[in-house]
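For this chain, numbers begin at 1 and follow the sequence in order. What's counted below: heavy atoms across the whole structure, side chains too, no hydrogens, waters or symmetry copies. Note that the structure is predicted; figures quoted are calculated from it, not measured.
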Amino acid sequence: MSRTLLSRIKPGTRQSRPPCPPAARLLLQFADVASEIIRSEDPQWKELLEDHFSQSPDISVSDVLDRIRDDGLCLKLFNWASHSSRVARADSPAYSSLLKILARSGKFTEIDLLLETMVKDGMTPSRGAFDALIIAFSYSGRINKALDLYSSGKKTSQPLPDTYTCNALLDALVKSRRIDTALKAYEEMLKQGAGDNFSTCILVKGLCKIGKVEEGQKLIEDRWGQGCIPNVVFYNTLINGYCIKGAVSKAYDLFESMKLKGFVPTVVSYGTIINGFCKEGSFKVIDRLLDEMKSRGLDLNVYIYNNLIDAKCKHWSFAEGIETFRRMVESGCKPDIGTYNTLISCSCREGKLQEADDILKEVMKKGFKPNRLTYTPLLQGYCKKGEIVRATNLLIEMIEKGNMPDVVTFGTLVHGLVSAGKVDEALSVRNRMMERGIRPDAAIYNVLMSGLCKKGRLQVAKELLSEMIDHRVIPDEFVYVTMMDGFIRSGNFADAEKVFYLMEAKAIKPGVVGFNTIIKGCCRCGLMGNAISYLDKMIKDHLSPDEFTYTTIIDGYAKQNDMEQAINIFNNMKERKCNPNMVTYSALINGFSQKGNFDKAEDLFREMQSHGLIPNAVTYTCLIKGFCRGGKLEKVAFFFEQMLLNNCTPTNLTYLVLIDGLMENFPYIREWQGDIKLILLVMNKSMIMDGCEPRLAAYNSIITCLCRHRMLEAAVKLRDDMVQRGCEPDSVTSASLLHGLCLNGKFTERSKLISFNFDQQQLTKALKYSRLLDQYLYRGIVSEASVLLQDCIEEYKSGLENTNQEIKSLEVSEL
């Protein structure tokens with residue numbers, strides 16, 4: 001190729017530049033021609049470039065590199081100068097120029113290689129190269145490398161990097177929460193006369209982020225007037241810091257102080273302080289601030305509205321949140337995806353999943369792209385409701401719309417499946433997570449292991465623990481406690497203790513939950529001495545035993561009939577200002593009832609109520625069981641009536657205890673002449689005296705009591721349960737349910753629940769007990785139930801007479 005090609009190469013088309021001096025213009029033209037030669041891919045481009053540089057010996061490689069924007073061309077030029085050129089040298093300035101270009105392009109591997117070569121050849125980058133590299137490494141998050149270059153730059157006797165470079169490094173250090181290092185760099189900047197308002201603001205923001213707002217405020221006050229000119233940005237940063245810390249009153253004082261000093265709050269200022277009060281639910285102050293914004297002519301932005309909607313939902317109701325949303329739209333402020341995410345989250349929190357689904361449809365309709373924050377609350381809501389299929393479909397929909405689930409999303413589904421008892425399905429979700437490259441965290445492993453342990457699948461839980469360790473997921477205290485609980489459930493207390501001591505060996509504190517778990521294991525095994533030792537150790541480790549700790553030990557002693565020790569622990573519990581709960585009292589009541597100390601049991605029952613604790617089904621069942629065992633049927637009937645009177649639904653255990661108690665004591669009921677108000681015994685005595693089988697009499701008496709207290713659903717459920725247990729309902733059962741329908745205003749629904757396929761004798765018996773109930777329930781007024789039963793008897797008689805007449809007619813005709 002002829003060298004005359006050089007004369008035909010013209011500079012490419014470029015954007016217009018401002019006028020520049022002749023020397024600078026010549027340099028640009030020279031660089032443009034050099035770029036065209038390299039870009040031409042002519043086989044002789046190196047010779048052409050050599051000739052080009054030889055014509056202008058005063059122009060260096062560094063001069064050209066500084067004027068070429070294409071990093072690929074720069075590398076090609078630099079390599080040519082390093083290996084092929086006789087007229088152009090790749091000297092220290094050329095290295096520095098290339099470093100700046102590579103820093104601009106983010107080619108960190110090439111930068112490292114170039115720096116190694118420079119060190120080997122005894123060259124030092126220029127100050128400008130150091131600055132460019134520090135900025136590039138800082139913005140890319142490579143903080144350690146940026147700090148190394150910062151230190152290297154200081155060692156070369158060059159001046160400190162310029163303020164812009166230092167600010168980039170400060171910002172990176174603050175974002176990575178390396179505040180101490182940032183403060184040292186900031187102090188060095190001040191000594192060198194560098195630093196500006198932005199430098200100070202970066203440090204203040206960092207201090208606020210870690211909760212050191214007072215230090216941030218002091219930093220501003222110390223720098224006041226020394227190159228630090230106060231402005232509203234400083235105040236906004238401090239106000240936000242106080243709000244994040246939860247010190248909203250201090251934030252508000254600073255907000256007011258800002259106005260007194262002549263600084264005009266911006267929309268950001270108002271938005272920040274309003275968000276602080278939103279978290280507290282202080283709506284009176286919020287309303288005053290909103291009025292103030294309006295008087296200043298400031299419009300609410302989407303950020304403020306989103307916080308208001310969230311606060312209204314959390315502190316008031318979802319309906320209030322929707323009303324705020326409506327006002328937002330009417331004001332002309334356009335909602336964003338965050339607005340809809342807030343509404344979805346709030347509706348799911350209140351269990352209004354249909355409303356949340358409707359909002360999701362609105363999101364699609366408006367053209368917004370749902371994200372993980374849109375779907376995750378819905379997943380949680382459907383999982384809690386047990387609608388796992390719907391939750392799984394939502395996850396699939398989420399993936400199809402390009403939203404890759406993260407560990408939180410998958411964790412939500414795993415937790416929901418485990419809560420629904422579908423552990424194998426939860427394990428499948430774990431497998432799908434790992435297939436997508438998402439590693440389960442300690443929380444997910446803990447949920448899975450807990451679910452497996454509760455189902456008695458301890459071996460699989462152990463395998464999960466091994467897998468967790470293999471994947472370098474460090475088990476936390478909750479994982480170890482879960483394994484302890486699994487061993488205790490399987491009856492392997494020795495291994496549970498090994499896990500407890502392993503936690504101590506690894507310097508993992510068991511916490512209150514861990515101690516409670518091992519104490520529960522001791523009590524289950526009857527090792528009460530060990531339980532007390534762990535209690536003492538717990539206190540020595542400066543952990544306060546809670547109501548679960550004491551209740552577990554009290555229950556352990558009660559089950560061993562050692563009520564003296566149980567009361568000692570109970571008194572110790574109260575001395576340590578730990579309030580007994582319902583379970584605590586129930587354990588004591590059960591212990592004293594079983595021991596036959598009914599007076600003490602009743603005293604504790606009354607004491608419990610005096611402290612505002614409402615007895616539950618367990619408490620009543622403990623009393624009923626004790627009195628049944630002691631043959632005190634009047635007390636049995638009284639407490640059962642009280643239980644129903646307080647709308648406390650009995651459990652299956654309550655029914656079994658009552659039935660067994662009534663059956664065992666039925667010989668004594670014959671002689672009982674007690675209070676007519678105790679309908680349980682009235683019914684039971686009457687039916688047994690009529691020759692009813694004791695088991696059926698017990699069931700009918702309980703069903704009658706349930707119906708009398710309008711617990712119709714529970715009565716029907718018990719009727720169905722007695723059938724499953726091989727005890728067939730009779731006409732008295734139907735009569736009792738008929739009265740339940742009357743009391744609940746559902747008399748017209750009788751055909752759905754009750755069968756009247758009885759003979760005259762059974763119907764007469766049902767009517768007898770129905771009239772007994774009339775006396776008790778309606779003060780002698782004939783009920784609809786009794787009228788219906790009387791009609792059934794009349795119909796039965798009428799039908800029987802007709803049948804008899806037909807038989808006689810047939811007999812006559814045959815004769």
Side-chain angles (χ1 to χ4, degrees), residues 170-171 174-175 177 179-180 182-183 186 197-225 228-316 320-321 324 327-328 333 336 338-339 342 345-346:
L170 285 178
D171 190 51
V174 165
K175 284 178 179 175
R177 293 183 175 268
I179 306 298
D180 291 339
L183 283 167
Y186 178 73
N197 263 22
F198 190 55
S199 314
T200 306
C201 196
I202 290 170
L203 259 295
V204 171
K205 189 176 180 180
L207 289 166
C208 290
K209 189 181 286 187
I210 60 172
K212 296 183 177 181
V213 191
E214 290 82 0
E215 289 186 28
Q217 190 169 350
K218 186 176 183 303
L219 182 65
I220 293 173
E221 292 167 356
D222 291 345
R223 287 281 295 148
W224 207 276
C228 176
I229 303 168
N231 58 37
V232 74
V233 176
F234 283 112
Y235 281 104
N236 290 348
T237 303
L238 290 170
I239 289 166
N240 186 53
Y242 278 121
C243 287
I244 291 171
K245 196 178 178 181
V248 184
S249 59
K250 284 188 177 182
Y252 188 64
D253 290 343
L254 194 60
F255 178 78
E256 292 296 314
S257 172
M258 175 180 75
K259 291 189 290 183
L260 290 173
K261 290 179 180 178
F263 293 99
V264 180
T266 62
V267 173
V268 174
S269 311
Y270 280 105
T272 303
I273 193 68
I274 286 171
N275 183 34
F277 283 115
C278 279
K279 289 175 181 176
E280 288 190 344
S282 303
F283 292 103
K284 287 184 179 179
V285 185
I286 291 170
D287 289 340
R288 191 164 65 246
L289 288 166
L290 292 174
D291 290 340
E292 193 177 303
M293 282 187 74
K294 188 177 179 180
S295 67
R296 291 179 181 271
L298 298 174
D299 294 326
L300 277 66
N301 59 21
V302 69
Y303 166 79
I304 297 174
Y305 269 117
N306 285 354
N307 287 325
L308 284 171
I309 290 167
D310 185 54
K312 289 289 180 73
C313 288
K314 284 179 178 174
H315 295 284
W316 284 1
E320 288 291 336
T324 305
R327 290 201 302 271
M328 173 186 183
C333 182
D336 61 7
T339 315
T342 299
S345 178
C346 292

Of all heavy-atom pairs linking Asn231 and Phe263, the shortest is CA-CE2, 3.7 Å

Rounded to the nearest 0.5 Å, how far does CD1 of Ile239 lie from CD1 of Ile244? 12.0 Å

Distance col, row Ile179:CD1 vs Ile210:CD1, nearest 0.5 angstrom, shows 5.0 Å

NZ (Lys175) with more than 12 external heavy atoms under 6.0 Å: no

Should Lys279 and Cys243 count as side-chain neighbours, where that means a heavy-atom distance under 4.5 Å? no

Show the nearest heavy-atom pair for residues Asp310 and Cys346, with the distance to one decimal. OD1-SG, 4.0 Å

Which value, rounded to the nearest 0.5 Å, describes the distance between Lys245 atom NZ and Cys208 atom SG? 9.5 Å

Sort out for me which residue in Asp299, Asn301, Leu300 forms a side chain to side chain contact (heavy atoms under 4.5 Å, CB included) with Val267. Asn301

Judged by atom type as modelled, is there a donor-acceptor pair below 3.5 Å linking the side chain of Asp291 to the main-chain atoms of Lys294? no

Could you go through the side-chain contact (heavy atoms from CB on, under 4.5 Å) check for Val213 and Lys250 one step at a time? CA-CA 10 Å; Val213 191; Lys250 284 188 177 182; over 6 Å; no

Ser257 (side chain) donor-acceptor with Asp253 (main chain) under 3.5 angstrom: no

Working for side-chain contact (heavy atoms from CB on, under 4.5 Å), residues Thr339 and Met328: CA-CA 10 Å; Thr339 315; Met328 173 186 183; 3.8 Å; yes

Is the backbone N or O of Cys278 less than 3.5 Å from a side-chain atom of His315, with the two atoms forming a donor-acceptor pair by type? yes

Minimum heavy-atom separation for Ala251 to Tyr242, with atom names? CB-CB, 3.6 Å

Do Lys218 and Glu214 make a side-chain contact, defined as non-hydrogen atoms from C-beta onward lying under 4.5 Å apart? no

Flag yes if more than 12 heavy atoms outside Lys259 fall under 6.0 Å of its NZ atom; otherwise flag no. yes

Ignoring hydrogens and angles, state whether a donor on the side chain of Asn197 or Thr200 is under 3.5 Å from an acceptor on the partner side chain. no

Are Glu280 and Val285 packed together at the side-chain level, in the sense that at least one heavy-atom pair is separated by less than 4.5 angstrom? no

Taking side chain as C-beta onward, heavy atoms only, is Ile220 less than 4.5 Å from Leu238? yes

Verdict with supporting geometry, Asn275 and Asn240, side-chain hydrogen bond (donor to acceptor under 3.5 Å, both in side chains): CA-CA 9 Å; Asn275 183 34; Asn240 186 53; 5.5 Å; no

Determine the minimum heavy-atom distance between Cys201 and Val233, stating which atoms define it. SG-CG1, 3.7 Å

Apply side-chain contact (heavy atoms from CB on, under 4.5 Å) to Cys313 and Thr342, showing your working. CA-CA 9 Å; Cys313 288; Thr342 299; 5.6 Å; no

Applying ring pair (Phe, Tyr, Trp, His ring centres under 6.0 Å), can you list everything that pairs with Tyr270, at least two apart in sequence or on another chain? Phe255

Hey, does Asp336 have a side-chain heavy atom less than 4.5 Å from the side chain of Asn306? yes

Trace of the side-chain contact (heavy atoms from CB on, under 4.5 Å) decision for Leu308 with Ile274: CA-CA 8 Å; Leu308 284 171; Ile274 286 171; 4.3 Å; yes

Does atom NZ of Lys212 have more than 12 heavy-atom neighbours, drawn from other residues, nucleotides or ligands, at distances under 6.0 Å? no

Hey, are Thr266 and Ser269 close enough side-chain-wise for a donor-acceptor pair under 3.5 Å? yes

Please report the shortest heavy-atom distance between Val174 and Ala182, naming the atom on each side. CG2-CB, 4.3 Å

Ring geometry between Phe277 and Tyr252 (parallel below 30°, tilted from 30 to 60°, perpendicular above 60°): perpendicular

Any chance you could measure Ser345, atom OG, to Lys314, atom NZ, to the nearest 0.5 Å? 7.0 Å

Interatomic distance, Leu207 atom CG to Gln217 atom CD [nearest 0.5 angstrom]: 12.0 Å

Hey, could you give me the CG/CD distance between Asp222 and Glu215, rounded to the nearest 0.5 Å? 11.0 Å

